[in-house]
Colleague: 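Sharing a structure here in C-alpha cells format.
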Amino acid sequence: MRHYQCSCGNILFFDNSTCMQCGEQVGYDSADDQMVTLTGESAFQRCSNGTQHGICNWVVPRGKLELLCASCLLDRTIPI
C-alpha cells in the first residue's frame, strides 16, 4: 500500500480523512496523486459525497461548479 505524508510529517494512508497526529482534515488529490491538508486557505474542498455522506475523502478545486470528484462522478448509487 502506498503511503502519503501530512504537512506535519505523519504518515497517511489512501483512505485517511484526518491526520491522527495533528488532527488536520486531509483529502486525496487525484490530479497530483497526493494527500492535501484542508484548511480555510486551501485550494481544495472535500467532494460533496464526503461532506454530505462521509463516504469519500477525495478533493475538488475550491469554487469548482462540479462538487463531486472524478471517482464519484462515475457512481450512480452512493455505496453503503
Colleague: Please examine the side chains of Val60 and Gln45, heavy atoms only from C-beta on, and report whether any two atoms are closer than 4.5 Å.
Modeller: yes
Colleague: Show your working on side chain to side chain contact (heavy atoms under 4.5 Å, CB included) between Cys56 and Ser71 and close with a plain yes or no.
Modeller: CA-CA 9 Å; Cys56 182; Ser71 179; 5.8 Å; no
Colleague: When rounded to the nearest 0.5 angstrom, what distance separates CG in Asn57 from CD1 in Ile55?
Modeller: 11.0 Å
Colleague: Given side chains that start at C-beta, do those of Asn49 and Leu68 come closer than 4.5 Å, heavy atoms only?
Modeller: yes
Colleague: Calculate, to the nearest 0.5 Å, the distance between atoms OG1 and CZ belonging to Thr51 and Arg46 respectively.
Modeller: 8.5 Å
Colleague: Rounded to the nearest 0.5 Å, what separates atom CZ in Phe44 from atom CG in Asp29?
Modeller: 4.0 Å
Colleague: Clusters formed by hydrophobic residues whose side-chain heavy atoms approach within less than 4.5 Å: which one holds Met35, and what are its other members?
Modeller: Tyr4, Leu12, Phe14, Val26, Tyr28, Trp58
Colleague: Identify the two heavy atoms, one from Cys69 and one from Cys47, that lie closest to each other, and give their separation to 0.1 Å.
Modeller: N-SG, 3.4 Å
Colleague: Would Glu24 and Thr37 count as a side-chain hydrogen bond (donor to acceptor under 3.5 Å, both in side chains) here? Give the steps.
Modeller: CA-CA 7 Å; Glu24 289 286 348; Thr37 304; over 6 Å; no
Colleague: I need the minimum non-hydrogen distance between Cys8 and Gln21, along with the two atoms involved.
Modeller: SG-NE2, 4.0 Å
Colleague: Less than 4.5 Å apart, side chain to side chain, heavy atoms only: is that true for Val36 and Leu38?
Modeller: yes
Colleague: Taking all non-hydrogen atoms of both residues, which atom of Asn10 and which atom of Met20 are closest, and how far apart?
Modeller: ND2-N, 3.9 Å
Colleague: With sequence neighbours excluded, tell me which residues meet salt bridge (Lys or Arg N to Asp or Glu O under 4.0 Å) with Asp33.
Modeller: Arg2
Colleague: What residues form a side-chain contact (heavy atoms from CB on, under 4.5 Å) with Gln52, not counting sequence neighbours?
Modeller: Ser48
